[in-house]
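Scroll down for the structure; my scribbles are underneath it.
Any value given below was found using the heavy atoms of this structure, including those in side chains, with hydrogens, waters and symmetry copies removed. Just so it is clear: chains get the letters A, B, ... in the order the sequence lines come, proteins before strands, and each one is counted from 1.
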Amino acid sequence: MKIKHLSDEDIQEYALNPLECDIRISGHAGGCSECLLRVNEYRLIFDGIKEQPQPLFDFDLAELVVAQLPTEKPKTKGVWAIYVALLIFVLLAGTGIYLFRDYVLAIFSGIGTFVLYLIITTVFTILVVLSMDMYKSFQKKIHSLDVY
Amino acid sequence: MNHITGNNYEDKLLVDRVLNGDSHAFGLIIKRSERVVSHIVFKMIRNAEDRKDVAQDIYLKAYKKLSDFKFESRLSTWIARIAFNTCMDDLRKKKLVLNHDISDEDVTELQSCNLTEQKELAEILKEEIERLPAVSRTLISLFHNADMSYEEIGEITGMPSGTVKSYLFRARRALKNNLLAEYKKEDL
């Protein structure tokens with residue numbers, strides 16, 4: 001009876017991933033000396049390929065390419081965007097308070113002037129601190145990418 | 001759906017910086033993708049001076065097309081795709097047949113190697129890999145040295161993963177047969 005050996009593709013599959021192979025392949029390979037020999041030939045080749053040195057450019061590619069890029073000043077809109085946003089917020093809030101001043105006065109009529117002053121100052125300070133913290137966190141994330 | 005997570009998030013930050021005019025950020029992108037690009041360029045382009053020109057060309061193309069990158073893959077995979085296509089264009093321009101591109105110069109180089117009686121397998125293997133067609137040796141390098149999956153290689157080469165798998169099977173078989181033939185020749 002002629003034994004049907006594994007195809008070359010099956011042999012390669014088994015040499016690469018013996019544990020993930022179909023049971024048909026692993027079952028035959030485990031008991032067939034001829035197929036095992038072919039498996040070992042491939043494993044030797046795969047190990048040899050792995051040992052090939054990593055190809056490296058013998059020049060600073062990043063420096064060469066970056067030197068050819070168009071020179072533009074990096075935009076600093078990050079800082080200005082925060083100031084603009086704050087200004088817009090203050091203008092909108094101020095406009096809203098002015099337009100609806102009667103309603104606002106009605107809400108705060110029961111609260112003392114000094115307490116009202118404290119509330120407004122506290123809210124404003126919290127907003128400024130939160131904005132500065134968000135900006136610092138953003139800058140930190142950007143600069144954490146500068147690992148080279 | 002464009003789902004940006006993990007490495008893609010860092011890619012997005014870098015891409016945004018480059019698009020805002022930060023060329024230093026593009027230098028970082030080059031460093032992060034240079035490894036896989038070098039696998040492709042070294043395997044497809046034989047001449048060292050040509051490699052230098054092609055490598056720069058790849059990244060200049062990537063810079064120009066960066067605003068078109070949609071984060072549907074990793075940035076390094078997208079750049080590797082540009083690298084593969086650029087190398088293929090270079091080979092076609094030089095009218096080098098992609099399946100048999102060993103020039104006289106290359107044959108001389110191989111023959112001038114110091115053929116001692118007992119060569120290391122790695123050295124012989126290196127020579128035999130260089131004899132393979134450009135696409136085959138590139139696929140071998142990407143799979144076995146750069147540890148890329150069939151799917152990732154498919155994204156780079158524009159081939160379905162099944163085709164990549166087939167190509168690799170044939171390339172490895174050719175490599176093994178050439179090695180066995182070479183050893184038998186030397187034994188004689």
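Between B/His24 and A/Val66 the shortest side-chain heavy-atom distance does not fall below 4.5 Å. Side-chain atoms of B/Arg172 and A/Ile49, non-hydrogen and from C-beta on, never get closer than 4.5 Å to each other. Put simply, the side chain of B/Val41 reaches to within 4.5 Å of the side chain of A/Phe57, judged on heavy atoms.
Heavy-atom distances place the backbone of B/Leu168, and not its side chain, under 4.5 Å from chain A. For A/Leu69, the part sitting under 4.5 Å from any heavy atom of chain B is the side chain, from C-beta outward, and nothing else. The part of A/Leu16 that comes within reach of chain B is its side chain, from C-beta onward, which places non-hydrogen atoms under 4.5 angstrom from that chain. Proximity to chain A (any heavy atom under 4.5 Å) is restricted, for B/Phe42, to the side chain, taken from C-beta onward.
For CD1 of A/Ile23, the number of neighbouring non-hydrogen atoms (other residues, nucleotides, ligands) closer than 6.0 Å is 12 at most. Shown here is B/Lys61, whose NZ atom has more than 12 heavy atoms of other residues, nucleotides or ligands within 6.0 Å. No more than 12 heavy atoms of other residues, nucleotides or ligands sit less than 6.0 Å from atom CZ of A/Phe124.
Ranked by heavy-atom pairs shorter than 4.5 Å toward chain A, the options B/Lys52, B/Arg51, B/Arg170, B/Lys165 are led by B/Lys52. Considering only heavy-atom pairs separated by less than 4.5 Å from chain B, the leading option among A/Gln68, A/Glu63, A/Gln54, A/Glu41 is A/Gln54. Ranked by heavy-atom pairs under 4.5 Å with chain A, the list B/Ser141, B/Ser166, B/Ala55 is led by B/Ala55.
In this structure, B/Arg35 CZ and A/Leu56 CG are separated by 10.0 Å, a value rounded to the nearest 0.5 Å. Remark: A/Asp47 CG to B/Leu125 CG distance equals 10.5 Å, nearest 0.5 Å. Of the inter-residue distances, the one linking B/Asn177 atom CG with A/Asp8 atom CG reads 7.5 Å to the nearest 0.5 angstrom. Atom CD of residue A/Gln52 and atom CG of residue B/Asn145 lie 7.0 Å apart, to the nearest 0.5 angstrom.
Put simply, the side chain of B/Gln56 never gets that close to the backbone of A/Val65: no donor and acceptor are under 3.5 Å apart. Within the 3.5 Å criterion, the main-chain N or O of B/His144 finds a donor-acceptor partner in the side chain of A/Lys50. Listed for the B/Ser38 side chain is a donor-acceptor partner under 3.5 Å among the backbone atoms of A/Pro55.
A/Leu36 is not connected to A/Leu44 by any chain of hydrophobic side-chain contacts under 4.5 Å among Ile, Leu, Val, Met, Phe, Trp and Tyr, and they are in different clusters. Taken together through direct or relayed side-chain contacts under 4.5 Å among Ile, Leu, Val, Met, Phe, Trp and Tyr, A/Ile119 and A/Leu127 form part of one hydrophobic cluster. Linking Ile, Leu, Val, Met, Phe, Trp and Tyr whenever their side-chain heavy atoms come within less than 4.5 Å leaves A/Leu116 and A/Ile97 in two separate clusters. By the rule that hydrophobic residues join a cluster once side-chain heavy atoms approach within less than 4.5 Å of another member, A/Met134 and B/Leu13 end up as members of separate clusters. Taken together through direct or relayed side-chain contacts under 4.5 Å among Ile, Leu, Val, Met, Phe, Trp and Tyr, A/Ile120 and A/Val123 form part of one hydrophobic cluster.
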What verdict does the side-chain contact (heavy atoms from CB on, under 4.5 Å) test give for A/Glu13 and B/Phe169, after you've listed the backbone C-alpha separation in whole Å, the side-chain angles of each residue and the deciding distance to 0.1 Å? CA-CA 9 Å; A/Glu13 282 280 7; B/Phe169 279 137; 3.6 Å; yes

Step by step, work out the side-chain contact (heavy atoms from CB on, under 4.5 Å) result for A/Ile11 and B/Lys176. CA-CA 12 Å; A/Ile11 295 282; B/Lys176 191 189 85 159; over 6 Å; no

